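All values derive from a computational prediction rather than experimental measurement. Numbers restart at 1 for each chain; the letters A, B, ... are given by sequence-line order, proteins then strands.
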Amino acid sequence: MRTHMCGELGSSDAGTRVRLCGWVSRRRDHGEHLAFVDLRDHSGITQCVVDGSVDVRSEWVISVEGTVRARPEGTVNAELATGEIEVVDCIVEVLGHAEPPPFPVDDRAETDESVRLRYRYVDIRRPRMQRNLRLRARVVEALRSAMVRQGFCEVETPLLWTPTPEGAREFTVPSRLHHGSFYVLPQSPQIAKQLLMVGGTDRYFQIARCLRDEDLRADRQFEFTQLDIEASFVSQEDIQGAITEAVADATEAAVGESPGEAERITWHDAMDRYGSDKPDLRFAMELLDIGQVFAGTSVRAFDAPCVKALLVRGGASLGRNRLDALVDRAKELGGKGLAWFKVTSTDPAAVDSPLDKFLGDAERAGLVSGTGAAEGDLVLVVADIWHTVCRVLGALRLDLGRPPITEGGRRFCWVTDFPLFDGVDDAGRPQAAHHPFTMPHPDDIDRLTSDPLSVRSQAYDLVLNGWELGSGSIRIHREDIQRQVFDALGISSGEAESRFGFLLGAFRYGAPPHGGFAVGIDRLVALLAGEGNIREVIAFPKTQSGTDPMTGAPKPVAETVLRDLGLRPIPKPG
RNA sequence: GGUCCUGUGGUGCAGCUUGGAGUGCACGCCGGCCUGUCAAGCCGGAGGUCGCGGGUUCAAAUCCCGUCAGGACCGCCA
């Protein structure tokens, strides 16, 4: 039907008879005898010179047969990849009419996202979405071939899985053949891939869809795609090496340059220095420990186990509204408050702050020297327990210093030595930070019973520019260690058997030491595409409230469907 | 569950602070003119439940309350 794509013709094609197909991007009509039709497909745009009597409109689907020629002197368009040539002596065939599009099919005009999603098929025609979807395809191809090259075997796992209470809320699927019983859609193929290791698969990978029924965000959809891997007889460095290689290939394929060495930082250092377990290393602005300055202070707000500061260069110019907003933000994040000090002089130290009247000269001087503040800077201080201080200041650090998504390069880093447990639940029992099969750090195993919250794990995250790209761990394959971890979690053997019996059963038949990882492909692609939102790299995403404005999903189903499934809807309370 | 922002012809925005006739800009759309444009140009035209509901007022796009939708964030995401 066509001989070339619209974006590939150049001066070397002059004289060739071609046939192109696509959408009418724009028509410039000069009257009865001359009109220019810009014909567009995903590859680009070619200018066709046609008889003005040809009736075509924006977004009509047409084919054009004509002859390529170099454009006349002075009419070359340097803005256009095909601007050296045009197609003349055109025979135009209308393949399909089109109503005027609901928004311009180009990237110039910002359009409300709900309108874009309602007409996603038009939106996808725009260069931005075409670029993103094709970049995504290259990334997935690079990831897949990197895993194959490294000896990993691609295996599919079930979408209809069994409920595993704990962790993310699962999407539940009613069984037609077994009324009152349910499958769930997997939040990840975690247990399935561990069973593959018991099965001797040795090195598994999958481009896996995962589903979690949790609230949506800019970087979270109900359904997302992971590069999921698991390998036997490996250390965490082996896993990290395999993933680093795959992700480097993907970066190369997406943006044409290699990302360079991934940095490494322990979880504790990441929290302590950047206030986050997913530090954005594109900028410094590290958290500064000024506990010494306020040791034995009379300022009650600073009488806390941990006092840290954030230095905001030039921040003294922030107005009261902005500062109040920062204080509100700190409270929203769980802090008791936020102290701010505008540095008005460094020698002698002087600050403008509601708390200034409570400070001694030594504290004032320590505040300035301890943070390296200069005149005109702003110092933000949070005092609380260590974890809260880091968390609050880490979020403020991002609010105040984070570069735009497309700037600052790509700083991959591995965050290692995550804690095994993540606080305690209402009953005072430790909660698994990653999942209950995560291997404790070898140096810490003997503290599982005596001091569980201090135990590190062999769990690790891959982080890019402050986004968690994925996480993984070495798994427990020894029954005695698993027993101890279940004990620490307060899971009885009977409970463990009923929840994970099939996995524990499998482990009794010869479980190799193993570990794995999963990379969030949507996030990786978004960052590589310079998009701050994964919806921009997903063809048909959901809105923040989990709806699809195009299809209207979710929708009620017919009474008969419910009857087949043995379901009866109950009205929402209230 | 919560906080904040946004909602005005098909699209993007201004108007809202300080209430006074659906006022304005750009794009698009329809018709006409036009033989080298490329975000073509010129002339003319059509197109509105100011998200929805209520309240205050002589009078509401504008102020107040509620609600819906979209977005950002907190909770949540082992």
**Message:** Taking B:rG2 as the reference, what is the distance to B:rG75 when you measure between their C1' atoms (whole Å, please)?
**Reply:** 8 Å

**Item:** Watson-Crick or G-U wobble mate for B:rG20, both contacts under 3.5 Å
**Value:** B:rC58

**Request:** Return the value, rounded to whole Å, for the distance between atom CD of A:E468 and atom C1' of B:rA78.
**Result:** 12 Å

**Request:** State plainly whether the residues A:R131 and A:E536 are in salt-bridge range, i.e. N to O under 4.0 Å.
**Result:** no

**Message:** Can you measure A:F36 atom CZ to B:rU37 atom P for me and round it to whole angstrom units?
**Reply:** 7 Å

**Item:** Carboxylate-amine/guanidinium contact A:D280 A:R282, below 4.0 Å
**Value:** yes

**Message:** Under a 4.0 Å threshold between the charged nitrogen and the carboxylate oxygen, would A:R329 count as salt-bridged to A:D399?
**Reply:** yes

**Asked** If you take atom types as modelled and just measure distance, does the side chain of A:Q47 reach the base of B:rU37 with a donor-acceptor pair under 3.5 Å?
**Response** yes

**Prompt:** Roughly how far apart, to the nearest Å, are B:rG22 and B:rA60 at atom P?
**Reply:** 9 Å

**Asked** Heavy atoms under 4.0 Å, any strand shown: does A:A433 hit a base, just sugar-phosphate, or nothing?
**Response** sugar-phosphate

**Asked** A:D324 has an atom CG; how far is it from atom P of B:rU3, in whole Å?
**Response** 19 Å

**Any A:S58 side-chain nitrogen or oxygen under 4.0 Å from OP1 or OP2 of B:rC29** = yes

**Asked** Say you pick atom C1' in B:rC43 and the same atom in B:rC34; how far apart are they, in whole Å?
**Response** 11 Å

**Request:** For A:E110, report the nucleic acid contact type (base, sugar-phosphate, nothing); a contact means any heavy atom under 4.0 Å.
**Result:** sugar-phosphate

**Request:** With heavy atoms under 4.0 Å as the rule, sort A:E86 into base, sugar-phosphate or nothing.
**Result:** base

**Message:** Counting only Watson-Crick pairs (N1-N3 plus N6-O4 or O6-N4) and G-U wobbles (N1-O2, O6-N3), all under 3.5 Å, who is the partner of B:rG48?
**Reply:** none

**Request:** Nearest-nucleotide wise, let me know which of A:R108 and A:P101 is further upstream toward the 5' end of RNA chain B.
**Result:** A:P101

**Pairwise P distance for B:rG54 and B:rA14, with rounding to whole Å** = 28 Å

**Message:** Tell me whether A:R499 is salt-bridged to A:E495, with the criterion being a basic N under 4.0 Å from an acidic carboxylate O.
**Reply:** yes

**Interatomic distance where CG belongs to A:D522 and C1' belongs to B:rC77 [whole Å]** = 15 Å

**Prompt:** For B:rC34, what is the paired nucleotide under Watson-Crick or G-U wobble rules, both distances under 3.5 Å?
**Reply:** none

**Prompt:** Are any of the side-chain nitrogens in A:R456 or A:D444 under 4.0 Å away from the carboxylate oxygens of its partner?
**Reply:** yes

**Asked** For the rings on A:F437 and A:H477, is their centre-to-centre separation under 6.0 Å?
**Response** no

**Request:** Write down the distance separating the P atoms in B:rA61 and B:rG51, rounded off to the nearest Å.
**Result:** 10 Å

**Message:** For a quick check of understanding: with a heavy-atom distance under 4.0 Å over all strands, which category does A:R220 fall into, base, sugar-phosphate or nothing?
**Reply:** base

**Nearest-angstrom distance, C1' atom, B:rA46 to B:rC30** = 7 Å

**Item:** Distance, rounded to the nearest Å, where A:E59 contributes CD and B:rC29 contributes P
**Value:** 10 Å

**Message:** Is the terminal nitrogen or CZ of A:R397 (NZ for Lys, CZ for Arg) located under 6.0 angstrom from the six-membered ring centre of A:F283 and within 45° of that ring's axis?
**Reply:** yes

**Prompt:** Without hydrogens or angle criteria, can the side chains of A:D13 and A:T16 be said to hold a donor-acceptor pair below 3.5 Å?
**Reply:** no

**Pairing nucleotide - B:rA72, Watson-Crick or G-U, each distance under 3.5 Å** = B:rU3

**Prompt:** So what does A:A109 hit on the nucleic acid, given a heavy-atom distance under 4.0 Å: a base, only sugar-phosphate, or nothing?
**Reply:** nothing

**B:rC74 versus B:rG55 - spacing of their P atoms, nearest Å** = 39 Å

**Message:** By the 4.0 Å heavy-atom rule, please label A:R69 as base, sugar-phosphate, or nothing.
**Reply:** base

**Message:** Between A:R128 and A:E531, does any NZ, NE, NH1 or NH2 come within less than 4.0 Å of an OD or OE carboxylate oxygen?
**Reply:** yes

**Asked** With a non-hydrogen cut-off below 4.0 angstrom, is A:R118 in contact with a base, only sugar-phosphate, or nothing?
**Response** nothing

Measure all distances between protein nitrogen or oxygen atoms and nitrogen or oxygen atoms of nucleotides 68-74 of chain B, and list the pairs falling under 3.5 Å.
unit_1, atom_1, unit_2, atom_2, d
B:rG70, OP1, A:T543, OG1, 3.3
B:rG70, OP1, A:S545, OG, 3.3
B:rG70, OP1, A:T547, OG1, 3.0
B:rG70, OP2, A:S545, OG, 3.0
B:rG71, OP1, A:Q544, N, 3.0
B:rG71, OP2, A:Q544, N, 2.8
B:rG71, O3', A:R535, NH2, 3.1
B:rA72, OP1, A:N533, ND2, 3.0
B:rA72, OP1, A:R535, NH2, 3.0
B:rA72, OP2, A:Q544, NE2, 2.7
B:rA72, N7, A:Q544, OE1, 3.3
B:rC73, O2', A:R329, NH1, 2.9
B:rC74, O4', A:E332, OE2, 3.4
B:rC74, O2', A:E332, O, 3.4

**Message:** For A:W267 and A:F418, take the angle between the two ring planes, folded into 0 to 90°, and tell me which bin it lands in: parallel under 30, tilted 30 to 60, perpendicular over 60.
**Reply:** tilted

**Asked** Do A:R71 and B:rC38 have a side chain to base donor-acceptor pair shorter than 3.5 Å?
**Response** yes

**Message:** Tell me whether the side-chain N/O atoms of A:R27 come closer than 4.0 Å to OP1 or OP2 in B:rU37.
**Reply:** no

**Item:** Nearest-nucleotide comparison on RNA chain B, the residue closer to the 5′ end among A:T111 and A:G74
**Value:** A:T111

**Item:** Centroid under 5.5 Å and tilt under 30°, A:F103 to B:rU11
**Value:** no

**Separation of the C1' atoms in B:rC13 and B:rA59, to the nearest angstrom** = 27 Å

